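Reading through the structure tokens given below for one structure.
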Amino acid sequence: MMTDALLPVFQRAAMVFDHGEGAWLTTTEGERYLDFGAGIAVNALGYSHPYLIAALERQGRKLWHLSNVYRIPEGERLARRLTAACFADVAFFANSGAEANECAIKIARRHHAAAGRPERWRVLTFAGAFHGRTLATMAAGGNPKYLAGFGPAVDGFDQCPPEDMAAVRAAIGPETAAIMIEPVQGEGGIRPMSHAFLRDLRALCDEQGLLLILDEIQCGIGRTGQLFAHQAAGIAPDIMSLAKGLGGGFPIGACLATRHAAHGMVPGAHGSTFGGNPLAVAVANAVLDVVHDDGFLADVRRKGTLARGLIEDVAMRHPRVVVQVRGCGLMLGIKTTCPSTTLVEALRREARVLTIAAGDNVTRVLPPLVVSDAEIASFAERLDRTLVGLGDANVISDFNEVQESGAPGRTRTSKPCGGRF
Ligand SMILES: *Cc1c(COP(=O)(O)O)cnc(C)c1O
């Protein structure tokens, strides 16, 4: 029985999960589901990872929470390790992705204000973006469905289409402080930005004195086969936000920045009660122990190629339903002619597979990074079986979005990650 004491903002599936192991979730009825959604890319190391359990238990017996008015050595260590692994010099810990983005936006605005350019405070974002559900990050994402009914959107965000440098140049004005983008759009439908576009944005930011903010909340922490997705493009941002996979299921967000970008952030400029508390940083350090390993990331790349190949094989057999397979590493998307919610529900009901619907009519495939080859093969088999079951009955022949970017009836495969599609 579902409780009506919860604010009804989520449409929840009816089954109740009791425990999990690796890529598998078990309901209170004892039914096992193959989880290729991983809590929306959060459970990077799957469920009940012994190393994470040990880290949580060890810290749980020592200290759960400590105010940020005291030193937290494990947090200092996490910050050193994250910054050593990328462009950044400093890190701020928050509890969620949206908060990490709020910090990123504040750093960018302060950067200019502290340098005597307070008029530069606007941030350029992109169509299809998702940056969170707080008032500011909702405005940054610009999705009219999320903004409706909440009063005027927080000011300070302009938006243009991705992969269009002429539009970006036209949208930049004397008030622009920063450009903010997901290297691979997640919620928007697993849309990887081309490496050329990311490099052009970097060059433009350098030319115009703007800060480049990368939202790697979903695509970071090994998801694409690199520790951070932008590393494949050979560029470095000035600011980057992380969350989701960082805590492997323990809520933690992080905002990383160069010292130069963050020069306006002095004591008192920002804060968080819970952010980076001892439990959160202990678990995040344990996640990093596993993920930040060349062998681990190479294996994610290998498994990503395997998964993509098998899903493309299935797609070939269902050309009327599957329009496109796209993504990088273990961040994959299946664009269909049937509503993505229909495929997600059919996979869950008919094949006991969990996936996540996204924008652009895409079904997200986000297995835990520890998924096995056999589980990937099992997913492909279940997907095939589900698509056979769906048949043509659910094909929406006049689905507008689908018509725009790929005619039904012909399976299109996007270029490998970083290419234009
Ligand atoms: C999930 C997500 C967010 C928001 O994270 P929350 O933890 O839900 O606040 C922001 N940006 C991207 C790219 C995300 O995928």
Side-chain angles (χ1 to χ4, degrees), residues 7 9-10 12 37-44 92-108 123-143 145-147 150 154 157 159 162 178-193 198 212-224 226 228-230 237 239-256 272 274-277 280 283-284 287 327-333 355-360 362-366 368-369:
L7 192 71
V9 291
F10 294 109
R12 297 173 195 269
I40 317 188
V42 167
N43 300 303
F92 176 85
F93 296 118
N95 313 286
S96 67
E99 282 176 288
N101 279 338
E102 292 269 349
C103 179
I105 295 160
K106 287 176 75 171
I107 288 176
V123 176
L124 186 68
T125 65
F126 294 89
F130 181 77
H131 297 300
R133 297 294 204 112
T134 61
L135 290 166
T137 57
M138 207 163 62
N143 184 334
K145 265 201 305 205
Y146 295 162
L147 286 161
F150 295 115
V154 168
F157 300 96
Q159 201 164 66
I179 296 176
M180 181 170 180
I181 189 166
E182 296 155 82
V184 183
Q185 284 188 350
E187 195 86 8
I190 310 292
R191 293 201 288 188
M193 297 299 133
L198 292 174
L212 182 62
I213 304 172
L214 294 184
D215 179 342
E216 293 226 16
I217 287 165
Q218 192 161 155
C219 63
I221 310 293
R223 179 56 51 188
T224 65
Q226 311 286 333
F228 304 116
H230 70 266
I239 304 170
M240 172 172 70
S241 49
L242 300 172
K244 293 200 164 83
L246 178 60
F250 198 96
I252 180 169
C255 179
L256 276 58
S272 168
F274 293 119
N277 89 0
V283 178
V287 170
C328 324
L330 289 171
M331 185 172 186
L332 297 170
T355 52
I356 315 269
D360 199 30
V362 163
T363 297
R364 270 180 284 185
V365 178
L366 305 163
L369 306 182

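As the structure lists them, so they are numbered: ligands from 1, and atoms in each ligand from 1. Keep in mind it's a predicted model, so treat the numbers as computed, not measured.
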For ligand 1, note which part of [X] has a heavy atom under 4.0 Å away: side chain, backbone, both or neither.
{"X": "K244", "result": "side chain"}
{"X": "A243", "result": "neither"}
{"X": "N101", "result": "side chain"}
{"X": "E182", "result": "side chain"}

Which atoms of ligand 1 have any heavy atom of [X] under 4.0 Å away?
{"X": "H131", "answer": "10 (C), 11 (N)"}
{"X": "S96", "answer": "7 (O), 9 (O)"}
{"X": "A98", "answer": "4 (C), 5 (O), 6 (P), 9 (O)"}
{"X": "D215", "answer": "10 (C), 11 (N), 12 (C), 13 (C)"}

Taking [X] for its side chain and [Y] for its backbone only, find out whether a donor-acceptor pair lies under 3.5 Å.
{"X": "Q159", "Y": "G141", "value": "yes"}
{"X": "R364", "Y": "L332", "value": "no"}
{"X": "E99", "Y": "N95", "value": "yes"}

Atom 5 (O) of ligand 1: closest protein heavy atom, distance to 0.1 Å, is G97 CA, 3.3 Å

Considering all heavy atoms, the nearest E187-Y146 contact
OE2-OH, 3.4 Å

What are the two closest heavy atoms between P183 and D215, and how far apart are they?
CD-O, 3.5 Å

Indicate yes or no: at least one non-hydrogen side-chain atom of I190 is less than 4.5 angstrom from one of D360.
no

Would you say that M193 contacts P162 through its side chain, given a criterion of any heavy-atom pair below 4.5 Å between the two side chains?
yes

Would you check the N or O atoms of I217, main chain and side chain alike, for any that come under 3.5 Å of an N or O of ligand 1?
no

Work out whether the distance between some heavy atom of E187 and some atom of ligand 1 is less than 4.0 Å.
no

Using side-chain hydrogen bond (donor to acceptor under 3.5 Å, both in side chains), reason through S241 and N101 one step at a time and then give a plain yes or no.
CA-CA 6 Å; S241 49; N101 279 338; 2.6 Å; yes

